[in-house]
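Order of appearance sets the numbers: ligands from 1, and atoms from 1 within every ligand. Below, each value reflects all heavy atoms present in this structure, side chains not excepted, and no hydrogens, waters or symmetry copies.
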Amino acid sequence: MDSSAVDDVLLLDSWMSVFCARVRIALDEKGICYQKREEDLITGHKTSLLLESNPVHKKIPVLIHNGKPICESNIIVEYIDESWKSEPPLLPSDPYLRAQARFWADYVDKKVYAASMKLMMTKGEEQEKAVEEFIDILKVLEGQLGDKPYFMGETFGYVDISLVPSYFSFYSYETLGNFSAEKECPKLIAWAKRCMERQSVSKSATDPHKIHELLLKYLKGIGV
Ligand SMILES: N[C@@H](CCC(=O)N[C@@H](CS)C(=O)NCC(=O)O)C(=O)O
């Protein structure tokens with residue numbers, strides 16, 4: 001199926017969500033016209049459309065394509081790649097390389113977000129340990145990147161999309177955790193800056209200071 005001509009594409013979105021940013025980047029990479037509806041993550045109020053579209057997790061992003069909802073950001077990115085065959089492909093065509101790409105996107109999912117939350121939610125020695133864990137994860141990713149411009153080689157794709165939105169919050173992680181990601185992982189930061197040169201990514205990027213301010217409010221609100 002190539003959906004480019006026909007479609008009604010709606011994203012249940014939030015400007016501040018790293019998971020929603022993945023989907024926006026994939027849609028923009030493919031040049032897909034879509035509409036978005038902002039869900040309110042600050043008050044936590046969920047629209048009935050969100051509750052109907054993602055009754056299991058009740059989370060964004062949800063992509064509603066011709067009335068049919070798809071949930072979970074990485075699954076949505078794969079769906080976009082399979083449904084819109086237009087350039088650029090986001091996953092490699094070779095099954096082994098596809099499996100590798102999925103492995104690394106899964107690694108990002110399982111490790112990066114949880115480690116960043118720990119880093120933000122802790123203090124003192126516990127936080128120092130959390131920062132070390134976070135840096136270790138970044139170093140693993142940097143090792144996988146190696147000297148390639150993008151995770152799977154010469155072209156920007158699925159793994160890059162899964163990770164780059166986290167970079168939008170690095171200012172907060174570094175400020176709260178008192179470390180320099182660039183000093184620890186220079187190649188990874190060069191990769192992030194390379195990604196930021198893409199319109200699809202810079203368009204989705206959030207203002208690091210705005211995010212930081214929100215985070216500080218949130219952390220204060222929960223007594224951290
Ligand atoms: N694994 C999900 C995570 C989605 C997620 O955590 N979404 C957050 C926004 S960043 C959300 O909807 N939170 C509302 C809630 O948990 O009630 C994905 O990749 O899409």
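Annotation: the span from S14 atom OG to I42 atom CD1 amounts to 8.0 Å, rounded to 0.5 Å.
The backbone N or O of S172 sits nowhere less than 3.5 Å from a side-chain atom of S169 that would complete a donor-acceptor pair.
Using a 4.0 Å heavy-atom criterion, the residues that approach ligand 1 are S17, F19, L41, K46, K59, I60, P61, E72, S73.
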Contacts table for residues 125-132: side-chain donor-acceptor under 3.5 angstrom, sequence neighbours left out:
{"residue": "Q127", "atom": "NE2", "partner": "L119", "partner atom": "O", "Å": "2.9"}
{"residue": "Q127", "atom": "NE2", "partner": "T122", "partner atom": "O", "Å": "3.4"}
{"residue": "Q127", "atom": "NE2", "partner": "L176", "partner atom": "O", "Å": "3.2"}

Enumerate donor-acceptor pairs with a distance under 3.5 Å from any side-chain N or O in residues 190-197 to protein atoms, sequence neighbours excluded.
{"residue": "W191", "atom": "NE1", "partner": "D160", "partner atom": "OD1", "Å": "2.8"}
{"residue": "K193", "atom": "NZ", "partner": "E182", "partner atom": "OE2", "Å": "3.1"}
{"residue": "R194", "atom": "NH1", "partner": "P149", "partner atom": "O", "Å": "2.6"}

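Evaluated for a side-chain contact (heavy atoms from CB on, under 4.5 Å) with L12, the options P69, C20, C71, S53 yield exactly one hit, S53.
Every residue was checked against the salt bridge (charged side-chain N to carboxylate O under 4.0 Å, His left out) condition with K210, not counting sequence neighbours, and none meets it.
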